[in-house]
Amino acid sequence: MELVKVQAMFYPLMLLLVGLSNVINIYIGGIEVMKGNITAGNIAEFIVYLNLLTFPVIALGWVTSLVQRAAASQKRINEFLHQKPEIISPNVAKQTIKGHIAFNNVSFIYPDTGIQALKNISFAINPGEMVAIIGRTGSGKSTIANLIMRMYDCTGGDLLIDGQSLKSFNLEGYRSQVGFVPQEVFLFSDTIANNIAFSADTLDMPRVEQAARDAAVYANIMELEKGFETLIGERGITLSGGQKQRVSIARAIVKQPQVLIFDDCLSAVDTRTEEEILNNLGRNMLGKTSIIIAHRISTIKNADKILVMDNGEIIEQGHHQYLMDKKGVYFDLYEKQLLEEEENA
Ligand SMILES: Nc1ncnc2c1ncn2[C@@H]1O[C@H](COP(=O)(O)OP(=O)(O)O)[C@@H](O)[C@H]1O
Ligand SMILES: [Mg+2]
């Protein structure tokens with residue numbers, strides 16, 4: 001807006017001054033000619049001088065506007081360049097993690113909205129365990145995943161990995177060992193193979209294919225004319241919601257992570273495919289840690305531990321049979337889903 005103001009002022013003003021000086025030139029010159037002090041030729045001479053001066057003045061205005069424009073752009077670029085990341089990786093060597101995760105009285109408030117998403121959460125996961133998280137929308141499930149990925153630092157309590165604060169790990173080294181399938185799938189406008197191998201340095205086709213098989217999307221990809229070389233996204237084809245989710249799963253498992261987090265990424269997949277993926281997962285994640293966030297109880301029945309979340313708190317936890325015997329919230333949810341299934345059948 002400042003730039004526009006300067007421009008709006010500058011050009012009319014310049015034209016006005018040029019015009020005005022011509023008028024003054026002729027007027028005063030005319031009087032002088034009539035007095036006989038100068039000749040008419042002198043006026044013509046001065047008009048030529050004036051017009052010779054016009055271009056440098058215009059150039060001056062042009063340069064001023066360029067400088068103004070550059071200043072405005074630089075200001076915006078600086079805003080971006082001066083952003084400081086809130087998550088800072090300590091200057092330590094990368095280390096291999098075993099996959100023990102512990103939440104000790106963790107609370108979390110989203111800094112931008114002030115919403116308290118987690119209240120005094122405590123639980124522990126041992127390497128080799130599969131833990132499931134279930135609960136209503138907005139109960140804080142994705143927030144747990146975000147904290148484990150260290151997208152944010154918890155605002156209260158401790159998050160320990162292998163008994164050590166998550167903040168003390170080399171961030172890049174840590175994240176490279178955690179496979180995360182986010183709730184919102186994000187695929188690039190690139191080939192399917194590159195999308196799956198995204199986290200790896202090199203494109204290792206046998207591994208990519210195996211990951212696609214484990215994610216139960218191999219057959220779908222092979223049906224496409226160009227297979228793994230098919231372009232997706234803006235310049236290519238559009239995959240269905242379930243296919244996108246499974247490509248995203250393949251991306252997470254291709255790096256054979258120590259810890260795997262599925263954030264509601266089986267919602268658009270039918271129950272039979274889901275079962276296939278979970279079976280493959282059990283094989284691949286043997287001795288490693290997996291966290292499955294889901295809506296359907298059928299997805300998580302076989303988990304070693306189930307956390308039932310509500311409004312930022314864990315209201316029940318234990319394995320399936322224990323929670324069923326307890327006849328609490330989990331039991332009600334199970335009954336309701338069973339009923340819905342029967343209605344749909
Ligand atoms: N990026 C965010 N910024 C601010 N508030 C958020 C953000 N993500 C989630 N929330 C809020 O935190 C609460 C928990 O959300 P979330 O963990 O996404 O729940 P769930 O995954 O169980 O549906 C909700 O009230 C939600 O509005
Ligand atoms: Mg969520």
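When a ligand or atom number is given, it counts from 1 through the structure's own listing order. FYI, the numbering just counts along the sequence from 1.
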task = Measure the CZ-CD1 distance between Phe228 and Ile192 for me, rounded to the nearest 0.5 Å.
result = 7.5 Å
query = When rounded to the nearest 0.5 angstrom, what distance separates CG in Asp263 from CD1 in Ile144?
reply = 10.0 Å
Distance flag for atom 26 (C) of ligand 1, protein heavy atom under 4.0 Å = no
Identity and distance of the protein heavy atom lying nearest atom 4 (C) of ligand 1 = Thr113 OG1, 3.2 Å
query = Counting heavy atoms only, which part of Asn146 comes closer than 4.0 Å to ligand 1: side chain, backbone, both or neither?
reply = neither
request  = Return the residue, atom name and 0.1 Å-rounded distance of the protein heavy atom closest to atom 9 (C) of ligand 1.
outcome  = Tyr110 CE1, 3.5 Å
task = Output the distance between atom CZ (Arg207) and atom CD1 (Ile196), rounded to the nearest 0.5 Å.
result = 12.5 Å
request  = Give the residue, atom name and distance (to 0.1 Å) of the protein heavy atom nearest atom 1 (N) of ligand 1.
outcome  = Tyr152 OH, 3.5 Å
ask   = Is there at least one pair of N or O atoms, one from Gly140 and one from ligand 1, spaced under 3.5 Å apart?
value = yes
query = What protein N, O or S atoms come within a distance below 2.8 Å of the Mg ion (ligand 2), ordered by chain and number?
reply = Ser142 OG, Gln183 OE1
message = Once ring pair (Phe, Tyr, Trp, His ring centres under 6.0 Å) is applied, do any residues pair with Phe262, and if so which ones, sequence neighbours excluded?
response = none
task = State, yes or no, whether a side-chain contact exists between Leu260 and Thr289 at a heavy-atom distance under 4.5 Å.
result = no
ask   = So do Ile101 and Leu160 actually touch side chain to side chain, heavy atoms under 4.5 Å?
value = no
ask   = Under 6.0 Å between ring centres, would you say that holds for Phe46 and Tyr49?
value = yes
request  = Can you pull out the closest protein heavy atom to atom 17 (O) of ligand 1? Residue, atom name and distance to 0.1 Å, please.
outcome  = Thr143 OG1, 2.5 Å
request  = For Arg136 and ligand 1, answer yes if some heavy atom of the residue is under 4.0 Å from a ligand atom, otherwise no.
outcome  = yes
Thr155 side chain near Tyr110 side chain, heavy-atom distance below 4.5 Å = no
request  = Just jot down the ligand 1 atoms closer than 4.0 angstrom to any heavy atom of Asp112, in number order.
outcome  = 3 (N), 4 (C)
query = atom 21 (O) of ligand 1: which protein heavy atom is closest, and how many Å away?
reply = Ser142 OG, 2.7 Å
key: Spacing of CG belonging to Leu16 relative to OG belonging to Ser21, to within rounding of 0.5 Å   = 9.0 Å
request  = Could you tell me if any non-hydrogen atom of Phe108 lies under 4.0 Å from any atom of ligand 1?
outcome  = no
message = Walk me through whether Leu278 and Leu266 qualify under side-chain contact (heavy atoms from CB on, under 4.5 Å).
response = CA-CA 10 Å; Leu278 289 174; Leu266 294 164; 4.2 Å; yes
request  = Please say whether Thr137 places an N or O atom under 3.5 Å from an N or O atom belonging to ligand 1.
outcome  = no
inquiry  = Between Val178 and Gln258, is there a side-chain heavy-atom distance shorter than 4.5 Å?
reply    = no
inquiry  = Out of Gly114, Gly138, Gly135, who is nearest to atom 24 (C) of ligand 1 when you count heavy atoms only?
reply    = Gly138
inquiry  = I want to check something: taking the side chain as every heavy atom from C-beta on, are Glu275 and Thr299 in contact at a cut-off of under 4.5 Å?
reply    = no
